[in-house]
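All ligand and atom numbering here is 1-based and tracks the order in the structure.
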Amino acid sequence: MTKNEKCGKVAVIGLAGQSAFMTTHHFPAPGETVSCSSLFFETGGKGYNQAVACARMGVHTVFIGAVGDDANGESCAAELKKEGIDARLIKKNAPTAYAVITTRSDGENTVAVHGGAAKALTGNDLNRSDIKNALTGCDYLLLQNELSEECLSAAFALAQKMQIPVILNPAPAERIPKELLKECALITPNFGEVKSLAGFTENDTPTEQALKHSLKTLGIKKAAVTMGGKGALLIDGEHSCMIPAFSPGKTIDTTGAGDTFSGALTAFLAKGYPLKEAAERAAVAAGISVTKKGAAGSIPAAKDVEKYLCT
Ligand code: RIB
């Protein structure tokens, strides 16, 4: 912890599960089979990865999610414990979430996720007294869109009741109730996700001005839009600025780079950094993460981020 930093406490409610990573020369086209050169498994999920990023940045981290009564659920519990995360895993009668990830030789990826038990988490689960106790004193609640719509809405309602600001990583961008977006202190979409939220098509390339206007119309106060190798665009009402990407080496695997950014950004905000400085630090964390294979496994520790900031 550097001088003047608060310790900070963050809660993440989201998906934790198992991911199978396969490296391929090119992504399969519809109807095509491709051979993969490597296969490995990792505990993942956007919520899980973001909680790991928060914990590795040094803030007290609570993770709330649901898993099945199976070996993958046990792995989630064991990995969260190893990271020092206060994990509240609710057991459901459904398989633990599972993702199949293909990574291309240039580091690009595709992800298909079966939400399983994570999608069975309910508002009633969140309103349990032990869960509310775990949320007490949090600087931020970090959410993604891998929960059921009912659970996501309940998480927002609970945060509002407990006066915890919500940061939403709207990924995937599908079916997010518009009224929730207004409640966010900050959203952290990628460029594709922000276009979808703002009503642009996949082929549109809206200007910064057009994006700002659309977000304002939706009642979104602040956004940190990740734009891959270009960096991140910060939008705060009428103001915007670009945080350049950080690239300490060759890009190996971009899976989880957005999760690293969202988690690290939330952690640095919880430590008391202003948005721009927190985003600069998060960009360094995300830049380091893409130089290694996997998602959670490639998230750096705060000391590695600080090392690059000092040089
Ligand atoms: O953002 C990457 C994550 O999305 C992977 O860890 C995978 O599990 C999916 O949920």
Side-chain angles (χ1 to χ4, degrees), residues 12-23 27 39-56 63-68 70 72-73 75-77 79-80 83 85 89 94-104 107-121 142-148 151-152 167-176 187-194 196 224-228 232 251-266 282 285-290 292-300:
V12 180
I13 306 177
L15 182 147
Q18 184 75 348
S19 299
F21 283 78
M22 288 175 231
T23 311
F27 295 140
L39 167 70
F40 68 96
F41 297 91
E42 197 185 66
T43 304
K46 295 186 195 303
Y48 172 85
N49 295 338
Q50 292 177 24
V52 169
C54 288
R56 291 198 189 158
F63 177 82
I64 299 157
V67 293
D70 50 28
N72 289 336
S75 299
C76 290
E79 292 300 318
L80 286 158
E83 297 290 339
I85 294 170
L89 295 180
T96 298
Y98 200 95
V100 174
I101 299 171
T102 50
T103 311
R104 213 167 51 184
E108 272 308 325
N109 64 81
T110 66
V111 183
V113 190
H114 179 252
K119 287 270 187 197
L121 190 72
L142 176 58
L143 299 170
Q144 315 72 35
N145 193 27
E146 288 191 315
L147 299 167
S148 71
C151 187
L152 190 67
I167 297 181
L168 175 69
N169 172 231
E174 54 202 30
R175 295 187 308 278
I176 300 184
I187 61 165
T188 62
N190 65 24
F191 193 52
E193 288 153 1
V194 81
S196 150
V225 183
T226 53
M227 310 198 41
T251 298
I252 303 292
D253 187 348
T254 58
T255 317
D259 296 336
T260 306
F261 182 85
S262 291
L265 177 63
T266 306
I288 298 171
S289 76
V290 302
K292 298 187 183 104
K293 261 183 17 170
S298 65
I299 300 171

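- To the nearest 0.5 angstrom, Asn49 atom CG is 9.0 Å from Gln144 atom CD.
- A distance-only check finds a donor-acceptor pair linking the side chain of Glu42 to the backbone of Ala296 [under 3.5 Å].
- A donor-acceptor pair under 3.5 Å is absent between the side-chain atoms of Asp253 and the main chain of Lys292, judged by distance alone.
- By the 30° and 60° cut-offs, the orientation of the rings of Tyr48 relative to Phe63 is perpendicular.
- Looking only at distances, a side-chain donor or acceptor of Thr96 sits under 3.5 Å from a matching main-chain atom of Gly73.
- Within 4.0 Å of ligand 1, counting heavy atoms only, the contacting residues are Ser19, Gly44, Gly45, Lys46, Asn49, Ala99, Ile101, Val111, Val113, Glu146, Asp259.
- Judged purely by atom type and a 3.5 angstrom limit, Asn169 has no side-chain atom pairing as donor or acceptor with the backbone of Asp259.
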